[in-house]
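Only this structure's heavy atoms are used, side chains among them; waters, hydrogens and symmetry mates stay out. Quick note on labels: first sequence line is chain A, next is B, and so on, each numbered from 1.
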Amino acid sequence: MLKDVTLGQFLPGDSPVHRLDPRAKILLLIAVIVFIFITGNYASLALVAVFVFAVILSTKISLKMYLKSMKMILFIVLFTGLINLFYGRGEPIFELGFIKITEAGINNAIFVSIRIALLILASSVLTFTTSPTDLTDAIERLLKPLTVFHIKVHEVAMMMTIALRFVPTLLEETDKIMSAQKARGADMDSGNLIKRVKALIPVLIPLFVSAFRRAIDLATAMECRCYRGGNGRTRMKTLHYGKIDLCASIICLLLLTGVILCNIFLPATVR
Amino acid sequence: MNIIETENLSFVYGLGTPFEKKANDKLNIKIEEGEFVGIIGHTGSGKSTLVQMLNGLIKPTSGTVRLNGEDIWASPQDIRKVRFKVGLVFQYPEYQLFEETVEKDIAFGPGNMGLSEAEIKDRVRSAARFAGLKDELLQKSPFDLSGGEKRRAAIAGVIAMDPDVLILDEPTAGLDPAGRDVLLAQIRQYHKERKNTVLLVSHSMEDIARTADRILVMNKGRAAMFDDTKAVFSRGEELEKMGLRVPQVTKIMSRLQNMGYNLPSGILTVEQAANELQALFDKNNF
């Protein structure tokens, strides 16, 4: 049950996307998200969609995994789509009481749904193909300029790494404690809301206790290895911005040109 | 009368995914009422999966588990009743303690059974006694106890449900030698007094040799052997191939036997060995 969470899961592999520099991946993801939102008509939206699907195929990760990550936010996509349906201006083409549906409303609904779906798919590509450590490494590097404002970027990144690293451990632990309490007759699958929340106490207390225990142990272990924050710390694996990253950047630049050209030369469907 | 009986019991992890892994494969096991059964096997041989299927914590992929002749999954909504009858103490059970006092924590199981206050109090007392917890510890917070005491408190929490079958998954792991001996002695005492069925999963051949009537040897999800303790430990070479071994003292004694000394086979404990050697010395006037 708890193991079915795919959002944010890393799936090791050896595709061109896997080999990209994580910093490049983060920046390009942000760029693609911007492209998704500057698309003004169906032609440019299709262009970005084709690009996202091409990238998905090139990761060599089964489409099933992407569908699974979509499933979790399907409700949000449908809900925002539905809301947008009723907020179009212009001549209504369908009217029933206070409900007015206009052509702009339909276009809005389709656009918003596809945009959110593409957004999730594109972000999934990043998390599926980048290990959590690479990801936090990249974030640390990208945020480095903030040290000017006395923000401890290294410490923040380290905390993120540790938090991510402990997610599977704590999930496993939760599973174990739940089994142990069920073996003592705890009933977690029936009763009303209040009863169910109460049934979680025997799971949450041991979980918190063990989380604190693990945190103390980890802090001791880090101190034993002379960890003292980010000052003067060097890296075993340094990130390199290489040829493949340059290629990816050029492809994205071409995509941007395509989107802008479509927006200029074809009539806009949404503003 | 067989208290537990399994028929073609199988369990597959991650069914239908690329990570599919058979944990148990067509197990047919019969355990008689009142028996003390030891379960040994290499890490990943399927011991933990098996014991969790026996008390209905995981549902078998195929096959059945019968408790007193009845399929435990016949009515899934009543599976909690099975868990009260087959008490399972997990590995490192001290991490499941959560109540304010030890007494309340031990009472969690009986409380879930819906017993009366007086009955619960009774059960907590006797469970604490069986687990060797002193009375003054009952009002303390479980988080203030020592490691060994926490372990006892957690075991008492399961014993308090008064299960017909008590399953312990590595109860002595991580305890010091003295604590381990005392805990094992207490489990034996409990078995002797209550006369119920006990299943002990352990990596320590010495512990198993000292306590079990019969041993189930698990290997790659299958039951490789299920026989009397002596019979199982006389097959040392086969056990070693499965990444297991016989108790050290058994090995020494069989070496001596092979060297031509007149000693009986199947010696499992140091005490037995000492007696036999003493007898040998006396006879030969060494």
Contact part of B:Phe84 toward chain A, heavy-atom cut-off under 4.5 Å: side chain, backbone, both or neither?
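Contact with chain A involves the side chain of B:Phe84 alone.
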Select one option (side chain, backbone, both, neither) describing which atoms of B:Leu97 are under 4.5 Å from chain A's heavy atoms.
backbone
In terms of heavy-atom proximity below 4.5 Å to chain B, should A:Ser210 be classed as side chain, backbone, both, or neither?
neither
Neighbour count >12 (heavy atoms, 6.0 Å) for atom [atom1], [X]:
X: B:Gln77; atom1: CD; result: yes
X: A:Glu155; atom1: CD; result: yes
X: B:Glu70; atom1: CD; result: no
X: B:Tyr92; atom1: OH; result: no
X: A:Tyr227; atom1: OH; result: yes

Short side-chain to backbone donor-acceptor contact, B:Asn112 and A:Asp187, under 3.5 Å
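Such a contact is absent between B:Asn112 side chain and A:Asp187 backbone.
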Are the side chain of B:Arg83 and the backbone of A:Gly185 linked by a donor-acceptor contact shorter than 3.5 Å?
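Pair absent, no side-chain N/O of B:Arg83 close to backbone of A:Gly185.
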Is the shortest heavy-atom distance from the side chain of A:Gln181 to the side chain of B:Phe108 under 4.5 Å?
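A side-chain contact under 4.5 Å exists here.
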Looking at side-chain heavy atoms only, is the closest gap between B:Gln96 and A:Lys176 below 4.5 Å?
no
Heavy-atom pairs under 4.5 Å with chain A, option from B:Val158, B:Val82, B:Asp105, B:Leu88 with the top count
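Top option by heavy-atom pairs under 4.5 Å: B:Asp105.
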Spatial distance of atom CE (A:Met178) from atom CG (B:Leu57) [nearest 0.5 Å]:
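Spacing of CE (A:Met178) from CG (B:Leu57) equals 11.5 Å.
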One should read off an interatomic distance between A:Leu204 CG and B:Phe98 CZ, to the nearest 0.5 angstrom, of 11.0 Å
Choice from A:Pro202, A:Ala186, A:Ala183 maximising heavy atom contacts with chain B below 4.5 Å
A:Pro202
Looking at A:Ile205 and B:Phe143, what are the two nearest heavy atoms and their distance?
CG2-CZ, 4.1 Å
